[in-house]
Amino acid sequence: MEKVTVRQLAAGAENYAEKQVKVDGWIRNNRDQKSFGFIALNDGTHFNTIQIVYEKEFLPNYEQVAALGVGSAISVSGTLVLTPEARQPFEIKALAINPEGDSPADYPIQPKRHSREFLREVAHLRPRTNLFSAVFRIRSLLAYAIHKFFQERGFIYLHAPIITANDAEGAGELFRVTTLDPKNPPVLDDHAVDYSRDFFGKKTNLTVSGQLEAEAYALAFKNVYTFGPTFRAENSNTPRHAAEFWMIEPEIAFADLNDNMDLAEEMVRFLINDMLEQAGTEMDFLNQFVDKGLKERLQNIVKSEFIRINYSRAIELLQESKEKFEYPVQWGKDLQTEHERYLTEKIYKKPVFVTGYPRDIKAFYMRVNDDQKTVAAMDLLVPGVGEIIGGSQREERKEVLEQNISNFNINKDDLWWYMELRKYGGVKHAGFGLGFERMLMYLTGVSNIRDVIPFPRTVNNCEF
RNA sequence: UCCUCAGUAGCUCAACGGCAGAGCGACCGGCUGUUAACCGGUAGGUUGCAGGUUCGAAUCCUGCCUGGGGAGCCA
């Protein structure tokens with residue numbers, strides 16, 4: 001008897017019609033009647049369940065099977081039957097059902113709607129629900145799609161370090177990495193902790209970005225990307241922030257800001273297309289139960305050009321809009337969330353690149369424009385999620401970069417190697433950071449980042 | 001960190017100063033094709049925690065804890 005998966009059956013049930021097969025899985029629902037019953041079985045290989053029909057006359061352990069609760073693990077042997085007239089295209093008429101793992105009546109996941117908040121408390125069981133089955137299948141496919149996109153274009157995948165000593169990027173609060181005894185650390189004469197006696201002989205932390213290292217590799221391999229975990233110790237409590245998340249950071253040499261935006265746009269379009277193709281069943285489910293406009297919105301984005309406007313023009317548009325904003329719109333100040341949302345959700349209703357931000361509100365490594373007041377930065381704003389990409393052309397002129405570093409009061413000594421990238425074969429280059437989970441939220445319509453990370457880490461929460 | 005809303009049965013919620021309830025789930029029974037099945041019945045509670053006001057508190061007040069939403073920070 002051939003062991004099959006629901007994935008194999010979904011791909012071609014007619015190959016198995018009237019044949020005997022064996023499937024293993026977990027019971028989603030079990031309904032018994034006097035002499036027959038139905039089990040909705042999920043074997044983990046496919047979003048959909050397979051229906052198992054079992055009858056008293058064939059099963060010596062009918063009563064035992066009928067009593068199996070939701071969540072129980074079973075092995076089923078039976079005949080695959082095509083059922084074109086029914087709601088499901090095929091089912092299995094059971095000849096034998098072996099209980100493998102019982103699930104008592106207090107199993108928290110019931111065949112009914114649960115709140116996301118409740119399911120977060122049972123994060124070890126929530127992947128057994130429809131929503132999380134869809135989300136985490138798509139998460140896996142999306143990670144693969146990202147590699148596909150860059151590998152097909154000849155990019156080199158770079159593993160940037162996770163432990164780093166540079167804290168010069170200003171990209172957020174850091175998680176310290178140390179082996180010192182917190183109760184009794186070695187101290188200097190002025191009672192400050194003596195990090196020279198720490199594991200690495202200096203202060204170290206978890207990475208907040210692999211960008212600086214990616215620049216080094218872009219200036220050797222031309223086009224590279226990183227894709228790995230990132231850590232920010234921000235005390236931020238929002239549906240869009242996590243302390244541990246994944247980020248994709250491509251870096252391209254001999255390229256300017258426009259090349260950078262072209263790449264970002266092509267990538268976003270590729271990822272959407274790929275998910276619509278690869279995850280049809282899951283996308284249909286999300287479109288029906290999570291966000292009614294999801295598929296239409298994504299399909300429109302694939303077709304339409306992204307908007308590109310500069311910061312100054314964005315300020316003008318917002319000022320002309322007559323919309324009442326809580327925070328004033330003023331040149332020189334950063335765009336507030338409400339401003340970004342207005343641009344992408346009200347004015348354009350599609351993704352918008354905003355470029356050329358004031359120099360003072362952006363990072364030291366961004367290339368200064370000829371006006372000396374703005375930098376070659378770009379943010380990609382999308383409806384519903386807000387900023388999913390932040391990037392820039394990098395400052396490749398050694399003198400200008402040095403000036404920036406001193407303007408931002410950054411310790412130049414930490415960046416000696418970064419400066420040498422400008423000294424030896426420095427060339428214009430650019431890159432961006434894509435928040436993996438934010439992209440996933442955008443693709444699935446799921447509005448809380450805690451629901452697209454298997455075991456999310458946020459302020460005051462490191463359960464599981 | 002700030003603002004705001006909410007914690008009542010396993011889950012989703014009602015009761016809003018006067019006997020703590022419903023739907024779903026669970027359990028028992030019925031039903032020959034169900035599919036978040038249907039029909040009948042049963043069990044299930046220190047109303048987040050601590051204090052206060054009151055003859056009487058799930059309900060009003062104070063503090064704390066937990067969670068949601070908004071803001072800032074950002075991806």
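Chain identifiers are assigned alphabetically (A, B, ...) following the order of the sequence lines, protein sequences preceding nucleic acid strands; residue numbering begins at 1 within each chain.
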request  = Classify the side chain of Arg28(A) versus the base of A36(B) as yes if they form a donor-acceptor pair under 3.5 Å and no if they do not.
outcome  = no
ask   = Do His114(A) and C11(B) have a side chain to base donor-acceptor pair shorter than 3.5 Å?
value = no
request  = Remember a base hit wins even if backbone is also touched, and classify Lys93(A) as base, sugar-phosphate or nothing at under 4.0 Å, heavy atoms.
outcome  = base
query = Which listed nucleotide (U1(B), G69(B), A71(B)) is nearest to the side chain of Asn448(A)?
reply = G69(B)
task = Pick base, sugar-phosphate or nothing for Gln88(A), based on heavy-atom distances below 4.0 Å to the nucleic acid.
result = base
query = Do the side chain of Lys34(A) and the base of G29(B) come within less than 3.5 angstrom through a donor-acceptor pair of N or O atoms?
reply = no
note = When rounded to whole Å, the CD to P distance for the pair Glu63(A) and G29(B) reads 9 Å
query = Is Asp262(A) salt-bridged to Arg308(A), going by a charged N under 4.0 Å from an acidic O?
reply = yes
message = Over all strands shown, is Ser35(A) touching base, sugar-phosphate only, or nothing at heavy-atom distances under 4.0 angstrom?
response = nothing
task = Record whether the side chain of Gln51(A) comes under 3.5 Å of the base of U34(B) through a donor-acceptor pair of N or O atoms.
result = yes
key: Pair of N/O donor and acceptor under 3.5 Å linking G33(B) base with Glu91(A) side chain   = yes
ask   = For RNA chain B, what is the dot-bracket line, given that a base pair needs Watson-Crick (N1 to N3, plus N6-O4 or O6-N4) or G-U wobble (N1-O2 and O6-N3) geometry with both distances under 3.5 Å, and | means paired with another strand?
value = (((((((..((((....[..)))).(((((.......))))).....(((((..]....))))))))))))....
inquiry  = Can a side-chain donor-acceptor contact be found between Glu249(A) and Tyr225(A) if the only test is distance below 3.5 angstrom?
reply    = no
ask   = Base, sugar-phosphate alone, or nothing: which one does Arg113(A) contact when heavy atoms must sit under 4.0 Å apart?
value = base
Please list each protein N or O that sits under 3.5 Å from an N or O in nucleotides 22-25 of chain B, with the distance.
from   : atom 1 : to        : atom 2 : distance (Å)
C24(B) : O2     : Lys112(A) : NZ     : 3.4
G25(B) : O2'    : Gln110(A) : NE2    : 3.4

Side chain Arg31(A) and base U34(B) donor-acceptor under 3.5 Å = yes
